[in-house]
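As C-alpha coordinates, the structure follows; a few thoughts come after it.
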Amino acid sequence: QVQLVESGGGLVQPGGSLRLSCAASGSIFRINAMGWYRQATGRQRELVAAITGRGGTNYADSVKGRFAISRDFAKNTVSLQMNSLKPEDTAVYYCNADLVPLGPGLNEFVYWGQGTQVTVSS
(Lines give C-alpha, C1' and ligand atoms only; values in the text may rest on other atoms or scores of the structure.)
Protein backbone atom coordinates (compact mmCIF):
# COMPACT_ATOMS: atom_id res chain seq x y z
CA GLN A 1 0.00 0.00 0.00
CA VAL A 2 1.31 3.42 -0.99
CA GLN A 3 0.87 6.56 1.07
CA LEU A 4 1.76 10.21 0.59
CA VAL A 5 2.08 12.18 3.81
CA GLU A 6 2.43 15.95 3.81
CA SER A 7 3.77 18.22 6.52
CA GLY A 8 4.68 21.85 7.01
CA GLY A 9 1.48 23.81 6.55
CA GLY A 10 0.33 26.54 8.90
CA LEU A 11 -0.40 30.21 9.39
CA VAL A 12 2.03 32.81 8.10
CA GLN A 13 1.94 36.56 7.60
CA PRO A 14 2.04 38.08 4.11
CA GLY A 15 5.61 38.17 2.87
CA GLY A 16 6.58 35.21 4.99
CA SER A 17 7.82 31.75 4.06
CA LEU A 18 6.77 28.17 4.57
CA ARG A 19 8.22 24.86 3.49
CA LEU A 20 5.98 21.92 2.67
CA SER A 21 7.27 18.37 2.55
CA CYS A 22 5.76 15.14 1.30
CA ALA A 23 7.03 11.62 1.77
CA ALA A 24 5.92 8.64 -0.28
CA SER A 25 6.05 5.27 1.44
CA GLY A 26 5.00 1.72 0.81
CA SER A 27 5.65 -0.82 -1.90
CA ILE A 28 6.96 1.44 -4.65
CA PHE A 29 8.65 0.32 -7.83
CA ARG A 30 9.22 3.74 -9.35
CA ILE A 31 8.05 7.31 -8.89
CA ASN A 32 7.75 9.37 -12.03
CA ALA A 33 6.48 12.91 -11.58
CA MET A 34 5.70 14.48 -8.22
CA GLY A 35 4.01 17.75 -7.58
CA TRP A 36 1.94 20.09 -5.48
CA TYR A 37 -1.61 21.21 -6.13
CA ARG A 38 -3.77 23.56 -4.14
CA GLN A 39 -7.45 24.18 -3.68
CA ALA A 40 -8.83 27.38 -2.23
CA THR A 41 -12.34 27.57 -0.85
CA GLY A 42 -14.86 27.68 -3.67
CA ARG A 43 -12.26 27.11 -6.38
CA GLN A 44 -11.02 24.17 -8.41
CA ARG A 45 -7.84 22.34 -7.53
CA GLU A 46 -4.92 23.75 -9.50
CA LEU A 47 -1.35 22.78 -10.19
CA VAL A 48 1.22 24.77 -8.23
CA ALA A 49 4.46 23.06 -9.19
CA ALA A 50 5.65 19.73 -10.54
CA ILE A 51 8.96 17.94 -10.95
CA THR A 52 9.61 15.06 -13.32
CA GLY A 53 11.60 11.89 -12.80
CA ARG A 54 14.53 13.63 -14.46
CA GLY A 55 14.26 16.77 -12.36
CA GLY A 56 12.51 19.02 -14.83
CA THR A 57 10.20 21.54 -13.18
CA ASN A 58 7.00 23.34 -14.05
CA TYR A 59 5.30 26.16 -12.12
CA ALA A 60 2.01 27.98 -12.19
CA ASP A 61 2.51 31.54 -13.41
CA SER A 62 1.17 32.87 -10.12
CA VAL A 63 4.02 31.33 -8.12
CA LYS A 64 6.98 31.66 -10.48
CA GLY A 65 9.89 33.35 -8.78
CA ARG A 66 8.41 32.80 -5.32
CA PHE A 67 8.07 29.04 -4.95
CA ALA A 68 10.64 26.33 -5.56
CA ILE A 69 10.00 22.61 -5.83
CA SER A 70 12.69 20.07 -5.06
CA ARG A 71 12.93 16.34 -4.78
CA ASP A 72 15.03 13.76 -2.99
CA PHE A 73 14.96 10.75 -5.28
CA ALA A 74 16.62 8.47 -2.75
CA LYS A 75 14.12 9.26 0.01
CA ASN A 76 11.02 9.52 -2.22
CA THR A 77 10.26 12.99 -0.94
CA VAL A 78 9.23 16.23 -2.57
CA SER A 79 9.33 19.68 -1.00
CA LEU A 80 7.89 23.06 -1.83
CA GLN A 81 9.68 26.17 -0.55
CA MET A 82 7.21 29.04 -0.55
CA ASN A 83 8.55 32.57 -0.20
CA SER A 84 6.93 35.99 -0.40
CA LEU A 85 3.60 34.46 0.43
CA LYS A 86 0.43 36.36 -0.41
CA PRO A 87 -3.10 36.06 0.97
CA GLU A 88 -4.16 34.58 -2.35
CA ASP A 89 -1.83 31.64 -1.70
CA THR A 90 -4.19 30.54 1.08
CA ALA A 91 -5.45 27.06 0.25
CA VAL A 92 -5.21 23.40 1.10
CA TYR A 93 -2.06 22.08 -0.55
CA TYR A 94 -1.98 18.51 -1.82
CA CYS A 95 1.01 16.39 -2.69
CA ASN A 96 0.67 14.33 -5.87
CA ALA A 97 2.71 11.51 -7.35
CA ASP A 98 2.57 9.51 -10.57
CA LEU A 99 4.06 6.27 -9.45
CA VAL A 100 4.31 2.58 -10.18
CA PRO A 101 3.60 0.39 -7.16
CA LEU A 102 5.10 -3.04 -6.86
CA GLY A 103 2.73 -5.62 -8.27
CA PRO A 104 1.60 -7.44 -11.39
CA GLY A 105 1.72 -5.34 -14.52
CA LEU A 106 3.72 -2.49 -12.98
CA ASN A 107 1.06 0.01 -13.98
CA GLU A 108 1.29 3.71 -13.16
CA PHE A 109 -1.28 5.29 -10.85
CA VAL A 110 -1.87 8.76 -9.44
CA TYR A 111 -1.69 9.13 -5.69
CA TRP A 112 -2.68 12.05 -3.47
CA GLY A 113 -1.82 13.11 0.02
CA GLN A 114 -4.41 14.13 2.56
CA GLY A 115 -3.71 17.85 2.19
CA THR A 116 -2.21 20.48 4.45
CA GLN A 117 -3.68 23.92 5.13
CA VAL A 118 -1.68 27.01 4.31
CA THR A 119 -3.15 30.30 5.52
CA VAL A 120 -1.54 33.63 4.69
CA SER A 121 -3.01 36.38 6.82
CA SER A 122 -1.99 39.25 9.03
Between V48 and F67, is the side-chain contact (heavy atoms from CB on, under 4.5 Å) condition met? List the steps. CA-CA 9 Å; V48 177; F67 292 10; 3.7 Å; yes
For Q117 and Y93, what are the C-alpha separation, side-chain angles and deciding distance, and is it a side-chain contact (heavy atoms from CB on, under 4.5 Å)? CA-CA 6 Å; Q117 177 70 45; Y93 283 70; over 6 Å; no
Before you tell me yes or no, could you show the steps for Y94 and R38 under side-chain contact (heavy atoms from CB on, under 4.5 Å), namely the whole-Å CA-CA distance, both residues' side-chain angles and the distance that decides it to 0.1 Å? CA-CA 6 Å; Y94 296 91; R38 67 186 180 188; over 6 Å; no
Worked verdict on V2 versus I28 for side-chain contact (heavy atoms from CB on, under 4.5 Å): CA-CA 7 Å; V2 175; I28 298 170; 4.0 Å; yes
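Heavy-atom minimum distance, L18 versus L85: N-CD1, 3.8 Å. Here the closest non-hydrogen pair linking E6 and G115 is OE1-N, 2.8 Å. Of all heavy-atom pairs between S21 and S79, the closest is OG-OG, 3.5 Å.
Between atom OG of residue S27 and atom CD of residue Q3 there is a gap of 11.5 Å, rounded to the nearest 0.5 Å. Atom CG in N76 sits 9.0 Å away from atom OG in S25 (nearest 0.5 Å). We find the CG-CD distance between L99 and E108 to be 7.5 Å, quoted to the nearest 0.5 Å. Residue S70 holds its OG atom at 4.5 Å from CZ of R19, rounded to the nearest 0.5 Å. From L80, atom CG reaches atom CZ of R71 across 14.0 Å, with rounding to the nearest 0.5 Å. Interatomic distance, L106 CG to R30 CZ, rounded to the nearest 0.5 Å: 7.5 Å.
Between P87 and P14, the closest side-chain pair of non-hydrogen atoms falls below 4.5 Å. The shortest distance between side-chain heavy atoms of Y37 and C95 does not fall below 4.5 Å.
Linking ILVMFWY side-chain heavy atoms closer than 4.5 Å, directly or via other members, places W36 and V92 in two distinct hydrophobic clusters. By the rule that hydrophobic residues join a cluster once side-chain heavy atoms approach within less than 4.5 Å of another member, F109 and W112 end up as members of separate clusters. When the side chains of ILVMFWY residues are joined at heavy-atom separations under 4.5 Å, either directly or via intervening members, L20 and L4 end up in a single hydrophobic cluster. Taken together through direct or relayed side-chain contacts under 4.5 Å among Ile, Leu, Val, Met, Phe, Trp and Tyr, V118 and V63 form part of one hydrophobic cluster. At a threshold of 4.5 Å between side-chain heavy atoms, the hydrophobic network of Ile, Leu, Val, Met, Phe, Trp and Tyr places I31 and V100 in two separate groups.
Within 6.0 Å of CZ in F73 there are more than 12 heavy atoms belonging to other residues, nucleotides or ligands. Atom CD of E88 has more than 12 neighbouring heavy atoms from other residues, nucleotides or ligands inside a 6.0 Å radius.
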Pairs under 3.5 angstrom only: tabulate donor-acceptor contacts from the side chains of residues 49-59 to other protein residues two or more places apart or in another chain.
| residue | atom | partner | partner atom | Å |
| --- | --- | --- | --- | --- |
| T52 | OG1 | R54 | N | 3.2 |
| T52 | OG1 | G55 | N | 3.3 |
| T52 | OG1 | G56 | N | 3.0 |
| Y59 | OH | I69 | N | 2.9 |

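S17 and N83 are linked by a side-chain donor-acceptor pair at a separation below 3.5 angstrom, with hydrogens and angles left out of the test.
Under 4.0 Å is where a charged nitrogen must lie from a carboxylate oxygen, and between D89 and K86 no such pair does.
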